Amino acid sequence: MDCNPTSILLRTPLDLNKERDAGAGGFVFNSSVLGNQASIPKAFIWPQCHRPATIDELDAPVVDLGGFLRCDEASTARAVEYVRAACSTHGFFQVANHGVDASLAREAMDCVDGFFKLPLCHKLRARRKPGNVWGYTGAHADRFSSELPWKETLSFGYREAGGGDLVVVDYFASILGHDFERTGLVLQKYCEAMKKLSLVIMELLAISLGVQRSHYRDFFEDSCSIMRCNYYPPCQEPELTLGTGPHCDPTSLTILQQDQVEGLEVFSANKWRSVRPIRDALVINIGDTFMALSNGRYKSCLHRAVVNRHRERKSLAFFVCPREDRTIRPPPGDLGGARLYPDFTWAEFMQFTQRHYRSDTRTLHSFTDWLSSSNSLRQFT
Ligand SMILES: C=C1C[C@]23C[C@H]1CC[C@H]2[C@]1(C)CCC[C@@](C)(C(=O)O)[C@H]1[C@@H]3C(=O)O
Ligand SMILES: O=C(O)CCC(=O)C(=O)O
Ligand SMILES: [Fe+2]
């Protein structure tokens, strides 16, 4: 397999079905058992070229949002400059004084820890349904049969439905019972805070791109986002595996809370570089869908998560997604010149990542190829 991260061989959409048909569904990732064996199962061993190595630190600016939130012009100008420079290159920056309550952020991380520390049989009550991103998974062993990530995940949706629906509370109470109502409430409030921050960031992105200030804020007002909780158990052979494989986020914008254990790495200037955890800061990165919304001006970049021998690691990724049926196309005007990507909807792209293709370094390119081939097929059916 060609492992040069920027030119990874295209995984044809059908590979995934073949992998799933190969009986990937049987294996259950029980890290308390697997982590105590002498070596990790073969399915978790990644190709040599993808394996972690000694790395440098990413030069990602920490953008102080305090001044921007107070409408201070000089601070806004500084924030815009940092965001523009970061998003035009590696697509990552960190934000401080972002307005998300620090105790809420810590309580959300603690609640997620409580879920992942449940007995496996309890976690499996929330098991992900095939073709859907929501639910609990262990190493994605129900979807893939090789290059498995050394992680457990719990994902659920968040939309700000009218009438104060508590979608997150309902999800936890219905799936895990009333003992988890408190967790549902905390994560509901956390998602509300993430949504609020995402709209602030969207405004900053618009200003930095020179488009109408409210353009992206309006586009994501009725967003339907995904909360992804990542739990990376300690691993006895961390040099052979990955916690999350090399990929670009297919979504629009990611707001990541990482704990104080290093592990997030970005591929920038031809090297893997770590994103240093900064207490109370949040990591922001551009996803494929926003790269299309900016007509390629802002970059959705390759990143991954590594694991380590002695310490578990957790991260909470809030993936901002537009309403499923909104057409993804750049704002009017000459943003970036000729169109780089066709119109599509997030529903189409999301389905591609869940049913036909394992997100990697070329998901958007593979999706647009798939879209044009399926459109040309439609013409003959
Ligand atoms: C739309 C999504 C698919 C993934 C979760 C969200 C955004 C990030 C994607 C993912 C994390 C990229 C790496 C591979 C993946 C399979 C994973 O390791 O979880 C991806 C997610 C997914 O398909 O569940
Ligand atoms: O856990 C991390 O630090 C990153 C995870 C990630 O990139 C993802 O879930 O998309
Ligand atoms: Fe990611």
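Counting starts at 1 for both ligands and their atoms, in listed order. Side chains are part of it too, since the values below use all heavy atoms of this structure and drop only hydrogens, waters and symmetry mates. These figures come from a predicted structure and were not determined experimentally.
Remark: Arg362 does not engage Asp360 in a salt bridge, criterion side-chain N to carboxylate O under 4.0 Å. Taking 4.0 Å as the cut-off between side-chain N and carboxylate O, Arg309 and Glu239 count as a salt-bridged pair. A salt bridge is absent between Asp113 and Arg106; no separation between the charged side-chain nitrogens and carboxylate oxygens falls under 4.0 Å.
By the criterion of a heavy-atom distance under 4.0 Å, the side chain of Val133, and not its backbone, is placed next to ligand 1. Within the 4.0 Å heavy-atom criterion, the part of Asp249 lying near ligand 2 is the side chain and not the backbone.
Note: Phe290 and Tyr216 have tilted aromatic rings, judged against thresholds of 30 and 60 degrees for the angle between ring planes. Ring planes of His356 and Phe352: tilted class, angle from 30 to 60°. The aromatic rings of Phe367 and Phe349 lie parallel to each other, with less than 30° between the two planes, well short of the 60° mark.
Shortest contact from atom 13 (C) of ligand 1 to any protein heavy atom: His247 CG, 3.4 Å. Given atom 22 (C) of ligand 1, the protein heavy atom at minimum distance is Arg143 NH1, 3.4 Å. Remark: minimum distance from atom 18 (O) of ligand 1 to any protein heavy atom is reached at Lys151 NZ, 2.9 Å. Counting protein heavy atoms only, atom 17 (C) of ligand 1 is closest to His140 NE2, 3.3 Å. Looking only at heavy atoms of the protein, atom 5 (C) of ligand 2 is closest to Tyr232 OH, 3.5 Å. Asn230 ND2, 3.3 Å is the protein heavy atom nearest to atom 9 (O) of ligand 2.
For Gln258, the heavy-atom gap to ligand 2 stays at 4.0 angstrom or more.
Aromatic rings from Phe115 and Tyr231 are positioned such that their centres are separated by 6.0 Å or more. Aromatic pair Phe156/Trp134: ring centres not closer than 6.0 Å. No close placement of the His303 and Phe267 rings is indicated, their centers lying 6.0 Å or farther apart.
Distances from the Fe ion (ligand 3) show that His247 has an N/O/S atom below 2.8 Å.
The side-chain tip of Arg326 points at the ring of Phe219 from less than 6.0 angstrom away and within 45° of straight on.
Within a 4.0 Å radius of atom 4 (C) of ligand 1, the protein contributes no heavy atom.
When the heavy atoms of Arg228, Arg358, Gln354 are ranked by distance to atom 2 (C) of ligand 1, first place goes to Gln354. Counting only non-hydrogen atoms, the option in Pro250, Ser359, Pro246 that gets closest to atom 8 (C) of ligand 1 is Pro250. Distances from atom 1 (C) of ligand 1 to the heavy atoms of Phe144, Trp134, Trp346 put Trp346 nearest. When the options Arg313, Lys151, His247 are ranked by their closest heavy atom to atom 10 (O) of ligand 2, first place goes to His247.
No donor-acceptor distance shorter than 3.5 angstrom exists from the side chain of Arg273 to the backbone of Asp59, with no hydrogens or angles considered.
Close N/O approach between Ser315 and ligand 2 is found [any backbone or side-chain N/O within under 3.5 Å]. For ligand 2, the polar-atom distance check finds no N/O of Arg228 at less than 3.5 Å from any of the ligand's N/O atoms.
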